[in-house]
Trainee: 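Just dropping this structure here.
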Amino acid sequence: MYKISLKNILTGKEERALDLALIPSVGDTLQLRQPDKFFLVHGVTHIIETDTTHFEIFVESIDRTYWMNEI
């Protein structure tokens, strides 16, 4: 499992800390069920200062309509 911090690129705030089995790629869309939110991935950073598998994922909050129109 990878430790992931979702960071909002517009506000600079951390949206959520998660443990994920896969690292998302730039351009991927992520959905959180609680609360129901969609995020577009803009960047992925591997934090190498420690011996952990910690990543920062830079995201933009999008709505479901934006997501559906991109499909």
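Worth knowing before you read on, the calculation uses all heavy atoms, side chains too, and leaves out hydrogens, waters and symmetry mates.
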Trainee: I'd like to check the side chain to side chain contact (heavy atoms under 4.5 Å, CB included) partners of S61; sequence neighbours left out, ordered by chain and number.
Mentor: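 Expected list: N8, F39.
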
Trainee: With rounding to the nearest 0.5 Å, note down the distance linking CG in D36 to CG in D63.
Mentor: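 Taking CG in D36 and CG in D63, the distance rounds to 11.0 Å.
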
Trainee: What are the two closest heavy atoms between I4 and H54, and how far apart are they?
Mentor: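 That closest heavy-atom pairing would be N-CD2, 4.3 Å.
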
Trainee: Is it true that L20 and L6 fall in one hydrophobic cluster, defined by side-chain heavy atoms closer than 4.5 Å?
Mentor: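 Yes, L20 and L6 fall within the same hydrophobic cluster.
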
Trainee: Would you say V41 and T29 make side-chain contact, with heavy atoms under 4.5 Å?
Mentor: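 Result no, sub-4.5 Å side-chain heavy-atom pair not found.
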
Trainee: Are I47 and Y2 linked, directly or through other ILVMFWY residues, by side chains that come within less than 4.5 angstrom of each other?
Mentor: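 Different hydrophobic clusters.
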
Trainee: Answer with yes or no whether the hydrophobic clustering places L32 together with L30; edges join I, L, V, M, F, W, Y residues whose side-chain heavy atoms lie under 4.5 Å apart.
Mentor: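 As far as the 4.5 Å side-chain criterion goes, L30 and L32 are connected within one cluster.
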
Trainee: With clusters defined by side-chain heavy atoms of hydrophobic residues (ILVMFWY) lying less than 4.5 Å apart, directly or transitively, does L40 cluster with V44?
Mentor: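 Different clusters: V44 never reaches L40 through Ile, Leu, Val, Met, Phe, Trp or Tyr contacts under 4.5 Å.
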
Trainee: Tell me whether I48 at atom CD1 has more than 12 heavy atoms from other residues, nucleotides or ligands lying less than 6.0 Å away.
Mentor: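 No, not enclosed.
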
Trainee: Under a single-linkage definition using a 4.5 Å side-chain heavy-atom cutoff for Ile, Leu, Val, Met, Phe, Trp and Tyr, are V59 and F38 assigned to the same hydrophobic cluster?
Mentor: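 No, it is not one cluster - the side chains of V59 and F38 are not joined through contacts under 4.5 Å.
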
Trainee: Can you run down the salt bridge (Lys or Arg N to Asp or Glu O under 4.0 Å) pairs that involve residues 12-22, sequence neighbours left out, and say none if there aren't any?
Mentor: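 Pairs touching residues 12-22 that pass the test: K3-D19, E15-K37.
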
Trainee: Answer with yes or no after comparing the ring centroid distance for F58 and H42 against a 6.0 Å cut-off, counting only values under it.
Mentor: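 Ring-ring flag for F58/H42: false, centres at least 6.0 Å apart.
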
Trainee: Classify the ring geometry of H46 against F55: parallel below 30°, tilted from 30° to 60°, perpendicular beyond 60°.
Mentor: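 Parallel: the ring planes of H46 and F55 meet at under 30°.
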
Trainee: Using the rule given for side chain to side chain contact (heavy atoms under 4.5 Å, CB included), can you reason through I57 versus K7, listing the C-alpha separation, both sets of side-chain angles and the distance that settles it, and then say yes or no?
Mentor: CA-CA 6 Å; I57 309 296; K7 301 268 182 144; over 6 Å; no

